[in-house]
Amino acid sequence: MQTTMQDRPLTLSHFLYRAERYTPSKLIVSGTATGVEERSYGEWALRTRQLASVLDFLGVPRDARVATFAWNSARHLELYFAAPCSGRVLHTLNIRLFPEQLTYIVNHAEDDVIFVDRSLLGLLGPLLPTFTTVRHIVVMEDGGDAPDPDGVNLLDYEELIASAHPAEFQELQETRAASMCYTSGTTGNPKGVVYSHRSTYLHTLAVLQADSIGVRESDTVMPVVPMFHANAWGLAHAGVATGANLVLPGPRMTPSALADLIVEQRVTVPAGVPTIWMGVLPELAGRDTSALRAIPCGGSAVPKALSEAYREQLGLPILQAWGMTETSPIASVAVTRSWLQDLPEDQLADLRASQGPAVLGVELRIVDQESGEELAWDGVTRGELQAAGPWIASGYYNDDRSAESFTHDGWLRTGDVAVITTDGYVRIVDRTKDVVKSGGEWISSVELENEIMAHPAVAEAAVIGLPHKKWGERPFAAVVVRPDASVTKEEILEFLEGRVASWWLPDDIVFIDEVPKTSVGKFSKKDLRDRFADHVLPTE
Ligand code: ADP
């Protein structure tokens, strides 16, 4: 039977239309090198339309990749919509990648034009001769003072906008590519994920769901998560779609600058990775944080101790989300279900330290890696977490590594090991490559880290497996002590007794100044393994 409903495409121009028509006076506040700049959604929408004409003027073909090398800002948000709404594909470049990876990505995606913040020109400039397809470099003045690289013709963003007419957007197919993002490539070259208008539209609605982050018009949302890291978790799109005020921190990324923005802009929903929130908490002490409603956090496991420290200091625990570049990224959010609300506080804290139930629209399952059988949701059986849904990737862009990451029935193999409880809460045990395999048993590096980080003197702890003659691998912990605190290896081991099984206790603990981080602020186990490759465990 034929449906009688209209077949209207789910495209991003609808969000822009909403901002333009319904919430033109709401604000986008951008941090700059020297202060903050405000722009209304009305002004933003007009400039976004002008920017689409600039792309025509520059001869950027339909479907061509429009790359950005930029902080979070209103200009970056103009690019977020001008490129896809005019039929081009936005490609956000991670400003913290190694130079060789950036060259690989720009050439692999065949970027046509790159929009770069002045303050980041020093990083990009030396790489320009290695890019094979880029025809234009457009500079966005952000208060930075990096000099022009020699011998390159740079275009000025504001000059181009000033002379451009606002474009009308043509209707596009919803399945058309809207943007692309590469994974951060902790193993091998980064892999490209291409989002469609439809997948981005539906993912935005997931961010708006009351049982996820629940972004609404009355919010002031601050994505600290970079706009180049998995779509800023959909929060930039959610801002435009709802008309929530957006605070985009730009280069003002120090903990104290972020705390100032939260307090001064009365932010309700700031979002970032755990390392960001570890730094910001002390900066918020004694200040007016009454506007805060939710603090979404993901990208790596949120230590229970961190979430509890927020609850104790601000009265608001952290809202953990799980996802990947391949899942747009929001796939699960650790909201507390109504039938669990009366649990004792400590058990509620455990729920919040899990990755939560899948959001409406996403299906998750755990699977035995050897047999491929789906496993029980009993809270103990561990398996590989797999995901399916309309905003989950089905392959990588032009990459023969796709086959190994997807199952025969089209589910994404996440590379995470997890259990799922009878209530549907996912608990990530570890990344497959990070679990410590001790005598055929698994030790979760994530859980061990969390328990160590519960010690009041510990700021950060990262656990890796080191080779062991008898057991194959044994856990080894690198620990960062809080400023003004002190703790010994023996004290940590004593603290862990009773908190973890005795055979989980690390065979060695060393103290370091800082845990190495990846380009998106996660603990870099790879760097840690390299650094301690020759470390001999005392139990050997
Ligand atoms: P990359 O794969 O390059 O690190 P992503 O940001 O796409 O970049 O990383 C996705 C991975 O991050 C997930 O597979 C998972 O291992 C980890 N991750 C994300 N959110 C969480 C979370 N809340 N808890 C534990 N791990 C998480």
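Whatever order the structure lists ligands and atoms in, that order sets their numbers, starting from 1.
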Colleague: With respect to D416, determine whether any N or O atom, backbone or side chain, lies less than 3.5 Å from an N or O atom of ligand 1.
Modeller: yes
Colleague: Under the salt bridge (charged side-chain N to carboxylate O under 4.0 Å, His left out) rule, what do R365 and D409 come out as? Steps first, then yes or no, please.
Modeller: CA-CA 13 Å; R365 68 182 182 194; D409 57 348; 3.0 Å; yes
Colleague: Can you check whether I262 reaches V280 side chain to side chain, under 4.5 Å on heavy atoms?
Modeller: yes
Colleague: Side chain, backbone, both or neither: which part of A321 comes within less than 4.0 Å of ligand 1 when only heavy atoms are counted?
Modeller: backbone
Colleague: CZ/R499 to NE2/H455 distance, rounded to the nearest 0.5 angstrom?
Modeller: 9.5 Å
Colleague: Just checking Y396 against F406, ring centres under 6.0 Å apart?
Modeller: yes
Colleague: Counting from 1, what ligand 1 atoms have a heavy atom of H229 closer than 4.0 Å?
Modeller: 6 (O)
Colleague: Numbering the atoms of ligand 1 from 1, which are under 4.0 Å from a heavy atom of W322?
Modeller: 13 (C), 15 (C), 18 (N), 19 (C), 20 (N), 21 (C), 22 (C), 23 (N), 27 (C)
Colleague: As a check for students: among A331, S332, G299, identify the option with a heavy atom nearest to atom 18 (N) of ligand 1.
Modeller: G299
Colleague: Can you confirm, on distance only, whether ligand 1 has an N/O atom lying under 3.5 Å from any N/O atom belonging to V302?
Modeller: no
Colleague: Does either side chain, that of H237 or that of Y201, offer a donor lying less than 3.5 Å from an acceptor on the other one?
Modeller: no
Colleague: Please evaluate residues F69 and F115 with respect to the criterion ring pair (Phe, Tyr, Trp, His ring centres under 6.0 Å), reporting the C-alpha separation (whole Å), side-chain torsions for both, the decisive distance (0.1 Å), and the verdict.
Modeller: CA-CA 6 Å; F69 196 75; F115 288 78; over 10 Å; no
Colleague: Report the part of M324 in contact with ligand 1, treating N, CA, C, O as backbone and CB onward as side chain, heavy atoms under 4.0 Å; options are side chain, backbone, both, neither.
Modeller: both
Colleague: Of the listed options (S300, P296, S328), which comes nearest to atom 27 (C) of ligand 1 when hydrogens are ignored and any heavy atom counts?
Modeller: S300
Colleague: Decide whether S445 and K525 meet the rule of one side-chain donor and one side-chain acceptor closer than 3.5 Å.
Modeller: yes
Colleague: Do the side chains of E451 and K304 get close enough for a salt bridge, i.e. N-O under 4.0 angstrom?
Modeller: no
Colleague: For ligand 1, does T325 get within less than 4.0 Å through its side chain, its backbone, both, or neither, judged by non-hydrogen atoms?
Modeller: both
Colleague: For ligand 1, which atoms, with element, lie under 4.0 Å from some heavy atom of Q320?
Modeller: 22 (C), 23 (N), 24 (N)
Colleague: Assess G323 for proximity to ligand 1: is some non-hydrogen atom of it under 4.0 Å away?
Modeller: yes
Colleague: Does ligand 1 have a heavy atom under 4.0 Å from the side chain of A301, from its backbone, from both, or from neither?
Modeller: both
